[in-house]
K.L.:
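Provided herewith is a single structure, encoded as structure tokens, for subsequent inquiry.
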Amino acid sequence: MHLTPKTALLMSLPPLLWAGNAVLGRMAVGSVPPLTLNAMRWLLAFLLLLPLGWRVLRTPRELLARWRHLLLLGTLGVGLYNALQYLALVSSTPINVTIIAASMPVWMLAVGALCYGVRPRRNQMAGAVLSLAGVTLVIARGELASLSRLQFVAGDLYIVVAIIGWSFYSWMLAHPPAHLRGEGRPLLRETPTAAPRGWNWAEMLLVQVLAGLAFAGGAAALEQAAGASPIRWSGWVLAMLAFVAIGPSLIAYRCWSLGVALAGPTAASFFNNLTPVFAALLSAALLGEPPRPYHAGAFALIVAGIVVSSRR
């Protein structure tokens with residue numbers, strides 16, 4: 001990958017928006033049940049996408065021909081990942097959740113090697129080590145001795161499962177099954193795609209969201225049946241729902257798809273390691289926790305990992 005300023009900006013925006021999603025998801029605990037929040041987020045995103053992508057629903061034959069692939073994409077990228085993230089934030093913190101999610105390059109390299117035969121290059125391995133060093137610095141809060149006192153909770157396990165699922169989602173997005181490739185113009189430039197002729201980004205994302213809603217809606221129904229607390233409606237809750245439906249959903253997913261197309265799943269995953277740094281800064285702004293010098297050190301290590309991994 002040749003890292004240009006445009007590509008770097010494109011792939012830096014999703015981590016910023018996802019960090020905001022994590023912080024707001026934590027702030028929503030007690031106001032909106034986590035699985036219900038996920039379903040409401042994607043229902044609103046679907047309604048916002050509908051004016052842009054509704055034409056895809058007029059071709060049921062093309063949808064049925066790809067229903068397995070689209071259902072799996074939607075379940076992994078829309079339903080499962082976000083449900084587990086909001087569930088994790090009930091017992092874990094935004095920084096902890098985003099730090100664990102920053103192990104994505106490792107999982108991305110593993111999925112690529114085991115399932116797609118893409119062997120990691122030395123520079124990618126070195127970049128992963130540098131990025132994880134930055135993540136470790138944040139975990140340790142600048143003091144390595146504090147790692148021995150670190151405690152993990154159930155939410156931390158949820159986000160590990162979520163990030164593994166996201167790794168599969170990203171590889172599937174870039175490498176659809178062979179029998180679905182090459183039909184019409186590509187959805188994502190420089191990347192094979194399962195999109196039929198004439199589909200644009202909004203139409204492809206719409207069908208993913210529709211598939212993901214099946215999972216998200218079912219999980220929310222089970223949560224409500226289990227006796228979840230009612231939603232505490234307020235102006236803040238409405239503003240939060242609007243943000244998570246537009247920013248971390250539509251804008252971030254669009255930029256992530258383009259980033260995967262331009263740089264590949266593994267290279268794009270290194271930018272995800274910016275998420276805990278952004279989460280720390282947003283937590284400082286919204287939760288009153290000031291940034292520390294180790295945040296700057298972690299940022300430098302993570303950026304170094306991105307630069308090293310992008311070299312040929």
Side-chain angles (χ1 to χ4, degrees), residues 13-54 70-71 73-92 94 97-98 101 155 158-159 161-163 165-166 169-170 173 201-202 204-226 228-257 272 275 278-279 282 286:
L13 188 56
L16 175 61
L17 293 171
W18 288 332
N21 180 54
V23 172
L24 290 180
R26 177 65 173 177
M27 294 173 66
V29 173
S31 297
V32 187
L35 300 182
T36 301
L37 172 59
N38 186 49
M40 293 172 63
R41 165 190 176 179
W42 288 110
L43 177 59
L44 183 54
F46 175 79
L47 295 175
L48 292 171
L49 270 174
L50 200 55
L52 300 174
W54 64 272
L70 294 172
L71 181 62
L73 276 177
T75 299
L76 290 175
V78 172
L80 180 68
Y81 179 84
N82 294 279
L84 288 174
Q85 184 186 54
Y86 287 135
L87 199 59
L89 287 165
V90 173
S91 57
S92 191
V97 165
T98 54
Y158 294 149
I159 202 63
V161 176
I163 208 65
W166 182 264
Y169 165 79
S170 296
L173 192 67
W201 72 270
M204 185 62 177
L205 184 54
L206 181 72
V207 295
Q208 290 182 58
V209 171
L210 185 60
L213 271 174
F215 179 95
L222 290 175
E223 180 181 58
Q224 292 297 319
S229 58
I231 300 173
R232 298 180 179 178
W233 291 104
S234 66
W236 178 84
V237 168
L238 292 175
M240 182 267 297
L241 283 173
F243 172 79
V244 298
I246 297 172
S249 303
L250 304 186
I251 297 175
Y253 272 65
R254 171 58 171 160
C255 291
W256 180 262
S257 296
N272 184 70
T275 306
F278 290 143
L282 290 174
L286 298 176

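Keep in mind that this is a model prediction, so the values were computed, not measured. Residues take their numbers from the sequence shown, with the count starting at 1. Just the heavy atoms: all of them, side chains too, but no hydrogens, waters or symmetry mates, feed the values below.
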K.L.:
Only counting residues at least two apart or in another chain, list the ones meeting side chain to side chain contact (heavy atoms under 4.5 Å, CB included) with L35.
P.N.:
A83, A219, E223
K.L.:
When rounded to the nearest 0.5 angstrom, what is the spacing between OG1 in T275 and CG in N21?
P.N.:
10.5 Å
K.L.:
Which residues pass the side-chain hydrogen bond (donor to acceptor under 3.5 Å, both in side chains) test with Y81, not counting sequence neighbours?
P.N.:
none
K.L.:
W42: what forms a side-chain hydrogen bond (donor to acceptor under 3.5 Å, both in side chains) with it, not counting sequence neighbours?
P.N.:
N38
K.L.:
Side-chain donor-acceptor contacts of residues 239-246 below 3.5 Å, not counting sequence neighbours, with atom names and distances?
P.N.:
none

K.L.:
Could you tell me if the side chain of L213 sits less than 4.5 Å from the side chain of V78, heavy atoms only?
P.N.:
no
K.L.:
Between G77 and N82, which heavy-atom pair has the shortest distance, and what is it?
P.N.:
O-ND2, 3.3 Å
K.L.:
Tell me every residue that passes side chain to side chain contact (heavy atoms under 4.5 Å, CB included) with L210, counting only those two or more places apart in sequence or in another chain.
P.N.:
F46, L57
K.L.:
Just how far is it from atom CG of L282 to atom CG of L16, taken to the nearest 0.5 Å?
P.N.:
6.0 Å
K.L.:
Considering all heavy atoms of both residues, which atom of A202 and which atom of L52 are nearest to each other, and what is their separation?
P.N.:
CB-CB, 3.7 Å
K.L.:
I need the L49 CG to L250 CG distance, nearest 0.5 Å.
P.N.:
4.5 Å
K.L.:
Quick one: closest heavy-atom pair of A279 and A19, and the distance?
P.N.:
N-CB, 3.5 Å
K.L.:
Using the ring of each side chain (for Trp, its six-membered ring), is W166 parallel, tilted or perpendicular to Y253, with breaks at 30° and 60°?
P.N.:
perpendicular
K.L.:
Working to the nearest 0.5 angstrom, can you tell me the gap between L205 CG and W256 CH2?
P.N.:
14.5 Å
K.L.:
Name all residues meeting the side chain to side chain contact (heavy atoms under 4.5 Å, CB included) criterion together with I231; count only those two or more places apart in sequence or in a different chain, and write none if there are none.
P.N.:
V32, P33, T36, M40, W233
K.L.:
I'd like to check R232 versus V237 (side-chain heavy atoms, cut-off strictly below 4.5 Å). Are they in contact?
P.N.:
no
K.L.:
Roughly how far apart are F278 CZ and L17 CG, rounded to 0.5 Å?
P.N.:
9.5 Å
K.L.:
Report the residues that fulfil side chain to side chain contact (heavy atoms under 4.5 Å, CB included) with L84, sequence neighbours left out, ordered by chain and then residue number.
P.N.:
L80, Y158, V161, A162
K.L.:
Testing the basics here: between V97 and A88, what is the closest heavy-atom pair and its distance to 0.1 Å?
P.N.:
CG2-CB, 4.1 Å
K.L.:
For T75, check side-chain hydrogen bond (donor to acceptor under 3.5 Å, both in side chains) against everything at least two apart and list the hits.
P.N.:
none
K.L.:
Roughly how far, to the nearest 0.5 Å, is OG of S91 from CZ of R26?
P.N.:
7.5 Å
K.L.:
Using side-chain contact (heavy atoms from CB on, under 4.5 Å), reason through W18 and Q85 one step at a time and then give a plain yes or no.
P.N.:
CA-CA 10 Å; W18 288 332; Q85 184 186 54; 5.5 Å; no
K.L.:
If a pair satisfies side-chain hydrogen bond (donor to acceptor under 3.5 Å, both in side chains) and one of its residues is in residues 239-249, list it, with sequence neighbours excluded.
P.N.:
R41-S249
K.L.:
Which pair of heavy atoms, one from A39 and one from A220, lies closest together, and at what distance?
P.N.:
CB-CB, 3.7 Å
